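Note that the structure is predicted; figures quoted are calculated from it, not measured.
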Amino acid sequence: RPAAFWRPPLGAHGNCSTEWAEANSGEADSSTMADEDSELHKLRREVLKLRQENALLSGRTQVLKEGLLLRFREQVLSLNWKQRFFDLRVEGDGAVLRCFEVRGGRKEAVHGEPRMTVRLSEEVEILRESRADSPGRRTRHGEPEHCFQIKLPQGAGPTKILRLGATSEDEALAWVEAISTACEGTAKDPKDGPKLRRVNSRDVPSGPPKLSKANDTSALRPVHTRIQDSVLTSEDGGIPECNVVGIVNLSVTVMVLIHFRLIYENVNKHGLVLDTFRVVGSSVLRPGNIQCSLCFLSLPLIALSSLGVELLASKGYSSDAVSTSFQILMCTLCLAVPVAVIRDTRASPPVGGTLLFAATVLFLKLVSFAHVNWALRKQFRQRGRAKKDDDADATGGEIQAVPDSKYPANLGLKDLVMFIAYPTLVYQTDYPRTDVIRKRWLAKRFGELLVCVALISIIAEQFVVPTLKRSAMPVMSLDIVGITVAILKLAVPNVYLWLFMFYALFHLWLNILAELTYFGDRLFYKEWWNATKLEDYWRFWNLPVHNWLVKHIFLPVLNSGFGKQTAVFMTFLVSAIFHELLVSVPCHTLRLWAFLGMMAQLPLVGLTAAIDKKLKGSQLGNVVFWISFCIVGQPLCVLLYFAEV
């Protein structure tokens, strides 16, 4: 074994027997190293043979080592490291290395179906990557610092090179040692054991090894010398191991050309219809919009009234029933007044939509503010009763502050103003905070926000509005073919509008607010675009609203004694009502299309859940989500409402 590869004591990692560790500890004399290595190999082979016999007799396997590792895979769009659960075990016919997908935790990974199984033999070659020659080299994004490779012989597994990474050098060495032990136990001679050598990570190939150049140049040189699979074959059901960057480049090039053709056809047909400033100016200067502006400026008065109600309740001047009634009245006025102003003034959809959106956000915040403070008031009254003295009645029922509590000290004007400014809808007495405002980072986000708003305006005016104007007649006459054509024409610009809107609102604007207010928890969304179940989409794409619905609708319904299905139905019902409110009021029409579209999500949730359960790992549910939501659902809803407007 080359001296460059240092083998640690096997017992130090807790994965091999102490006899092997004691045998390794005596390899200090170079003159006897070869003999001791031979004896060590015999001992390992005997132990492994005993384990194989035991596994064969008992019908069970014995695990040599298990744990989490990072596996390198060439994905379609990138080169990624994925966390996987591996176990190295001895079976009746030899040693195997199995790979599991990590879903939900370690136990689920262990009991799941293996994504890959590798048979280990003496032909395995183990390469320990080293950065000793390049200490200053920076790793790629997500690439672990402690990596090793397993070169497999033909037929040992679905891949030829298995590149793995560990969280520490000791863990990587422990895995290399355990795999080496399993491979050496299958060899008849120590010289036939696995080859171990260090390589520099920059020289490690990311794909299968290149074939050596043949010396025979005659016509008798054989061409087909081994059993091989096609390049695009993937035996483990995943993405092929081959590099498909060229195909990705072709797809992107074709997509760009198609979009240029669509832009040319649109401009050639409709001309340049961009007139953002005129549209915004006419909307703002429209009669009745002044009343909407005054209504917008008066919304903080409702928040101050809600704070006053809570202060009176905290002093014991009003009962829970009275304070709750006043809070319901304040929240109702927060929505009723803007709706009445919009309907009375016939405000333009942009102005009315902005006012109603702001009022809805304030409504959700005030509901959370009242609900949480009601729970705090109830909790601290119970604690206060336990600590009352005999003369506690002299306080007149006023709530006394409990030590280490923030109630009622949290009922301050500054606390309320900060809560309204925070990019969250859920009230609590404390939030994670940051220390500084990154001015350069903030300037970049503002610039990106301006670009996104400009792109949204261009797409809406140049591509969406002309299509809607030409599609009003087919919708009114119920021309199915015309409606289908209009939906297909709106599908592509609608997807872009949706993505730009999401990025501008949930990533840029909420992060800007968080940066300005030192708000620390900035998880406003998760990877909703990968959702294979519609339920996951609704849980991931809008976390502020999701957190509000869970805390103030879903959990209270469960706590009232109803089942989970009822709680889910009530959650979707409330969400559907607000969707209809935010669309129908600014458009001055009531057709319940948004409400019905939201309630139609319930059967789709069950359908995509059944698909995901039946076809584990399938992306069919994700395709159903994109088609039903962005390709068909949203364009159809826009067509129906525009025809009424």
Does the side chain of [Y] come within less than 4.5 Å of [X]'s, by heavy atoms?
{"X": "Leu581", "Y": "Val339", "value": "yes"}
{"X": "Gln428", "Y": "Val372", "value": "no"}
{"X": "Ile258", "Y": "Arg261", "value": "yes"}
{"X": "Ser305", "Y": "Leu329", "value": "no"}
{"X": "Leu490", "Y": "Leu468", "value": "yes"}
{"X": "Cys295", "Y": "Val337", "value": "yes"}
{"X": "Leu411", "Y": "Asp415", "value": "no"}
{"X": "Cys292", "Y": "Thr354", "value": "no"}

For this session: Tell me, with the steps shown, if Leu543 and Phe524 meet side-chain contact (heavy atoms from CB on, under 4.5 Å).
Result: CA-CA 5 Å; Leu543 288 186; Phe524 305 120; 5.5 Å; no
Is [X] reaching over with its side chain to a backbone N or O of [Y], donor-acceptor style, under 3.5 angstrom?
{"X": "His588", "Y": "Ala347", "value": "yes"}
{"X": "Gln327", "Y": "Val367", "value": "no"}
{"X": "His259", "Y": "Met255", "value": "yes"}
{"X": "Asn559", "Y": "Leu555", "value": "yes"}
{"X": "Ser251", "Y": "Ile247", "value": "yes"}
{"X": "Thr608", "Y": "Leu534", "value": "yes"}
{"X": "Glu535", "Y": "Val605", "value": "no"}
{"X": "Tyr407", "Y": "Thr429", "value": "no"}

At their closest point, which heavy atom of [X] faces which heavy atom of [Y], and how far apart are they?
{"X": "Cys147", "Y": "Pro144", "result": "SG-O, 3.2 Å"}
{"X": "Leu639", "Y": "Ala486", "result": "CD1-CB, 3.8 Å"}
{"X": "Ile487", "Y": "Val632", "result": "CG2-CA, 4.2 Å"}
{"X": "Ala491", "Y": "Pro635", "result": "CA-CG, 4.2 Å"}
{"X": "Cys334", "Y": "Ile302", "result": "CA-CD1, 3.7 Å"}
{"X": "Glu580", "Y": "Phe595", "result": "OE1-N, 3.0 Å"}

Measuring from [X]:[atom1] to [Y]:[atom2], what's the distance to the nearest 0.5 Å?
{"X": "Phe463", "Y": "Lys489", "atom1": "CZ", "atom2": "NZ", "answer": "13.0 Å"}
{"X": "Leu604", "Y": "Ile611", "atom1": "CG", "atom2": "CD1", "answer": "9.5 Å"}
{"X": "Leu362", "Y": "Ile420", "atom1": "CG", "atom2": "CD1", "answer": "5.5 Å"}
{"X": "Asp536", "Y": "Asn530", "atom1": "CG", "atom2": "CG", "answer": "10.5 Å"}
{"X": "Ser314", "Y": "Leu376", "atom1": "OG", "atom2": "CG", "answer": "11.0 Å"}
{"X": "Lys365", "Y": "Trp548", "atom1": "NZ", "atom2": "CH2", "answer": "12.5 Å"}

Problem set entry | Any donor-acceptor N or O pair under 3.5 Å, side chains Ser323, Glu310 | no
For this session: Could you give me the CA-CA distance, side-chain angles and deciding distance for Thr167 and Leu68, then say whether side-chain contact (heavy atoms from CB on, under 4.5 Å) is met?
Result: CA-CA 9 Å; Thr167 56; Leu68 294 173; over 6 Å; no
Exercise. With sequence neighbours left out, what residues match Trp626 under ring pair (Phe, Tyr, Trp, His ring centres under 6.0 Å)?
Worked result: Trp528
Exercise. Does the pair Val568 and Leu602 meet the rule for a side-chain contact (heavy atoms from CB on, under 4.5 Å), with working shown?
Worked result: CA-CA 9 Å; Val568 171; Leu602 285 173; 4.2 Å; yes
For this session: Just jot down the side chain to side chain contact (heavy atoms under 4.5 Å, CB included) partners of Thr324, sequence neighbours excluded, or say none.
Result: Ile328, Trp374
For this session: Sort and list the pairs that fulfil salt bridge (Lys or Arg N to Asp or Glu O under 4.0 Å) and have at least one residue in residues 492-515, not counting sequence neighbours.
Result: Arg438-Glu515, Glu515-Arg522
Problem set entry | Arg539, CZ: over 12 other non-hydrogen atoms inside 6.0 angstrom | yes
Exercise. Any chance NZ of Lys526 has more than 12 other-residue heavy atoms, nucleotides or ligands included, within less than 6.0 Å?
Worked result: no
Seminar exercise, completed: Contacts satisfying ring pair (Phe, Tyr, Trp, His ring centres under 6.0 Å) that involve residues 411-436 (not counting sequence neighbours) are Phe369-Tyr427, Phe419-Tyr427, Tyr422-Tyr431, Tyr422-Phe519, Tyr431-Phe519
Mind listing the side-chain donor-acceptor pairs of residues 498-513 below 3.5 Å, one per line with the distance, residues two or more places apart or on another chain?
residue : atom : partner : partner atom : Å
Tyr503  : OH   : Glu448  : OE1          : 3.1
His507  : ND1  : Tyr525  : OH           : 2.8
Asn511  : ND2  : His507  : O            : 2.4

Problem set entry | Full working for side-chain contact (heavy atoms from CB on, under 4.5 Å) between Leu596 and Arg591 | CA-CA 9 Å; Leu596 295 176; Arg591 291 293 182 267; over 6 Å; no
Without placing hydrogens or testing angles, list every side-chain donor-acceptor pair under 3.5 Å for residues 570-578, not counting sequence neighbours.
residue : atom : partner : partner atom : Å
Thr571  : OG1  : Ala567  : O            : 2.8
Ser575  : OG   : His579  : ND1          : 3.4

